[in-house]
Amino acid sequence: MTTLEPARPSQDARKRTAAPKLILATTFMGIFLLNLNTMAMNVALPGIGRTFGGSTAGLQWIVDAYTLMFAALLLSAGTLSDRIGASRAFGAGVAVFTVASAACGLAPGLGELIAARLIQGSAAAIMLPSSLALVRQAFPDAAERARAIALWTVGGAVAVAAGPVAGGVLASTLSWRAIFVVNLPVGIATLAVLTRAERSPRRATPLDPYGQLTAIVALAALTFAVIDGGENGFGEPLVLGCLGLAAVATAAFIMIEARTAAPLVPLDLFRSRTVTVSVAIGFVVNAAFYGLVFVLSLFFQDVLNLSVMAAGLMFLPMMAVIAGANLASARAAARFGPRMPIATGQAIFALAMFGLLWIDEGTSRPVIAAMLIPVGLGLGFFVPSLTAILLNDIAADRAGMAAGILNSFRQTGGALAVAVFGALVADRGEFIVGLRVGLCVAAVMLIATTAAALMLPRGLS
C-alpha cells in the first residue's frame with residue numbers, strides 16, 4: 001500500500017510566506033539607519049560647532065537642512081513610491097542616503113556639510129513612506145499589520161536608544177565624522193537584504209511639481225525666518241521678507257492643491273477626522289521631542305560642561321524605554337483600541353515636559369536623566385498606534401501618500417521646533433529662561449492634542 005505524503009508547499013507559496021518577513025527586516029534596517037544618524041548627530045553638534053566655528057544658527061541649519069528636505073519631499077515621495085514601486089523607491093533612497101553620509105563625513109567646511117545634509121534629507125524622504133508602504137502591502141490583515149508596524153517602529157526605537165551613546169562614543173574616541181561614516185555598512189547591508197525581497201507593483205500616479213515647489217519654498221522661507229530672527233532679531237527686513245514669502249507660498253500651495261487633478265496633498269483627505277487629528281498629533285509630538293533633544297544637547301555640553309560621552313549617556317534612560325513602550329503600545333491597542341495608547345502616551349509626555357521646567361545648572365545629573373524617562377515612555381507608547389490608525393483609515397492604494405503626509409507634518413514640526421528652541425536659547429545668558437519657555441509651550445500643545453486624540457475611533461476596522 002502506498003503511503004501518501006503531505007503535500008509540500010510550492011516554491012511560490014514558500015516565497016509568499018518568506019516575503020513579509022524579508023520586507024519587514026529590510027524596512028527595519030532602513031528606519032534604524034535614519035534614526036541612528038539623527039540621534040547620534042545631535043550630541044555631536046557642539047563639537048561640530050568647534051570644528052567649523054559655527055554659531056547656534058549654524059548648528060540649527062545642520063539639523064534643519066536635513067529635516068527641511070525630509071519634510072518637504074515626503075509629500076511627493078509617497079506618490080513617487082506608489083509610481084515606481086515601494087521596493088525600488090526604498091532601494092534608491094537607501095543608496096543615496098549612504099553616499100550622502102560619506103559626503104557628510106568628508107565635509108571640509110560647514111557649507112559643504114549642510115549641503116550634504118540636504119541630500120541626506122532628500123533620500124530619507126524617499127525611504128520613509130516607501131518603507132511603510134512595503135509593510136502595508138506585505139501585511140493586508142489589520143491585526144497583523146498593527147504588529148508589523150510596531151516591529152517596524154522598534155527599528156527606529158532601537159536606533160534612537162543607541163544613537164546618543166553611539167554618537168558620544170564615536171565623537172569622543174574618533175571624531176564626529178565617524179557618526180556619518182558608520183551609516184555606510186548599515187546602508188550596504190540594507191541594500192543586500194532588499195535584493196531578496198519581492199518587487200512591489202507600480203501604479204500610474206501623476207506627480208505635482210508645482211505643489212512640491214511651493215511646499216519647499218514655504219518651509220524653507222519660514223525656517224530661515226525663525227532661525228535668522230532668533231540670531232539677528234525678527235524686525236530685520238530679510239526676516240520679515242521671508243515670513244511674507246512663506247505666507248504667499250503657503251497660500252499658493254493650498255490653491256494649487258485645490259485645483260490640480262493629482263495633488264500632493266488631496267484636501268479631501270482632511271475631511272476624515274482621523275487624518276486631521278493624526279496629522280496634528282504627529283506635528284506636535286515631533287516638535288516637542290526634537291526641540292527638546294536639540295536644546296538639551298546644548299544644555300548638557302555648553303551649560304553643564306559635560307563631555308560628549310557624558311551628554312550621550314544622559315539620554316540613555318529616556319531612549320532605552322522607547323522600544324519596550326512600542327511593543328506595549330501594540331498590545332494595548334489590540335486590547336483597548338489604538339485611541340487609548342495615543343491619548344495616554346501624549347498625556348505622559350506632556351506631564352514629563354512640565355516636570356522638566358524645574359531643571360537648571362544645579363540639578364543633579366542623575367535626576368535630570370531620570371526625569372527624561374517619562375518622555376521616552378510617552379513617545380514610544382503612542383507612535384505605533386498613531387501610524388496604524390491612520391493607515392487603517394486609508395485605502396491600500398493611497399498608503400504611500402498617507403504615510404508621506406503624516407511624516408511630512410511630523411518632520412515639519414521637528415524642523416520648526418529646532419528653529420524655535422534654538423532662537424529661544426540663542427542668548428547663552430538667558431539659556432535656562434529660553435529652555436523653560438520652549439518646554440512650557442510644547443507641554444501646552446501636547447495637552448491640546450491629547451484632548452483631540454479622544455476624537456479618534458476606538459478600534460481598527
Side-chain angles (χ1 to χ4, degrees), residues 38 55-77 114-115 117-122 124-125 208-258 263-265 267 270 276 279-295 404-426 434 437-438 441-442 444-445 448-449:
T38 300
S55 63
T56 298
L59 299 182
Q60 288 170 279
W61 274 116
I62 294 172
V63 177
D64 274 353
Y66 174 93
T67 311
L68 177 66
M69 295 307 293
F70 197 176
L73 293 181
L74 272 172
L75 294 173
S76 58
I114 292 173
R117 291 284 288 167
L118 286 168
I119 298 172
Q120 259 196 328
S122 301
D208 177 14
Y210 298 111
Q212 180 63 87
L213 178 62
T214 52
I216 292 174
V217 171
L219 286 175
L222 180 58
T223 302
F224 181 89
V226 175
I227 292 177
D228 197 64
E231 188 82 2
N232 301 309
F234 286 93
E236 290 292 314
L238 180 60
V239 173
L240 294 174
C242 285
L243 288 172
L245 177 60
V248 171
T250 300
F253 174 79
I254 293 173
M255 290 177 62
I256 291 169
E257 299 309 282
L264 285 177
V265 181
L267 300 183
F270 292 92
T276 302
V279 164
I281 291 172
F283 178 94
V284 168
V285 171
N286 260 43
F289 181 69
Y290 283 99
L292 176 68
V293 171
F294 175 81
V295 77
I405 292 171
L406 172 62
N407 287 289
S408 178
F409 274 84
R410 290 183 63 185
Q411 295 302 321
T412 299
L416 293 179
V418 168
V420 171
F421 272 62
L424 290 171
V425 301
V437 170
V441 171
V444 171
M445 292 173 65
T449 51

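These figures come from a predicted structure and were not determined experimentally. Note that the numbering runs from 1 along the sequence shown for the chain.
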*Roughly how far, to the nearest 0.5 Å, is OG1 of T250 from CG of L245?*
9.0 Å
*When rounded to the nearest 0.5 angstrom, what distance separates CZ in R117 from CZ in F70?*
11.0 Å
*Where is the tightest heavy-atom contact between A220 and L68, given as atom of each residue plus distance?*
N-CD1, 3.5 Å
*What is the distance from atom CG of L219 to atom OG1 of T214, rounded to the nearest 0.5 Å?*
9.5 Å
*asked:* If I compare all heavy atoms of A246 with all of A218, which pair ends up nearest, and what's the gap?
replied: CB-O, 3.7 Å
_A65 versus L118, closest heavy-atom pair with distance_ = O-CD2, 3.3 Å
*Between atom CG of L292 and atom CZ of F289, what is the distance when rounded to the nearest 0.5 Å?*
7.5 Å
*May I have the step-by-step check of side-chain contact (heavy atoms from CB on, under 4.5 Å) for R410 and V285, ending in yes or no?*
CA-CA 8 Å; R410 290 183 63 185; V285 171; 6.0 Å; no
*Please name the pair of heavy atoms, one in A442 and one in A288, separated by the smallest distance, quoted to 0.1 Å.*
CB-CB, 3.9 Å
_What's the separation between atom CD1 in I281 and atom CE in M445, rounded to the nearest 0.5 Å?_
12.0 Å
*Which pair of heavy atoms, one from C242 and one from F224, lies closest together, and at what distance?*
SG-CD2, 3.4 Å
*Can you tell me how far CD of E236 sits from CG of L243, rounded to the nearest 0.5 angstrom?*
12.0 Å
*Taking all non-hydrogen atoms of both residues into account, name the closest pair between T67 and G414 and its distance.*
CG2-C, 4.3 Å
*Would you sort out whether V418 and V293 count as a side-chain contact (heavy atoms from CB on, under 4.5 Å), showing the intermediate values?*
CA-CA 9 Å; V418 168; V293 171; over 6 Å; no
*Can you check side-chain contact (heavy atoms from CB on, under 4.5 Å) on F409 and N286, steps first, answer last?*
CA-CA 9 Å; F409 274 84; N286 260 43; over 6 Å; no
_side-chain contact (heavy atoms from CB on, under 4.5 Å) assessment of T449 paired with F283_ = CA-CA 10 Å; T449 51; F283 178 94; over 6 Å; no
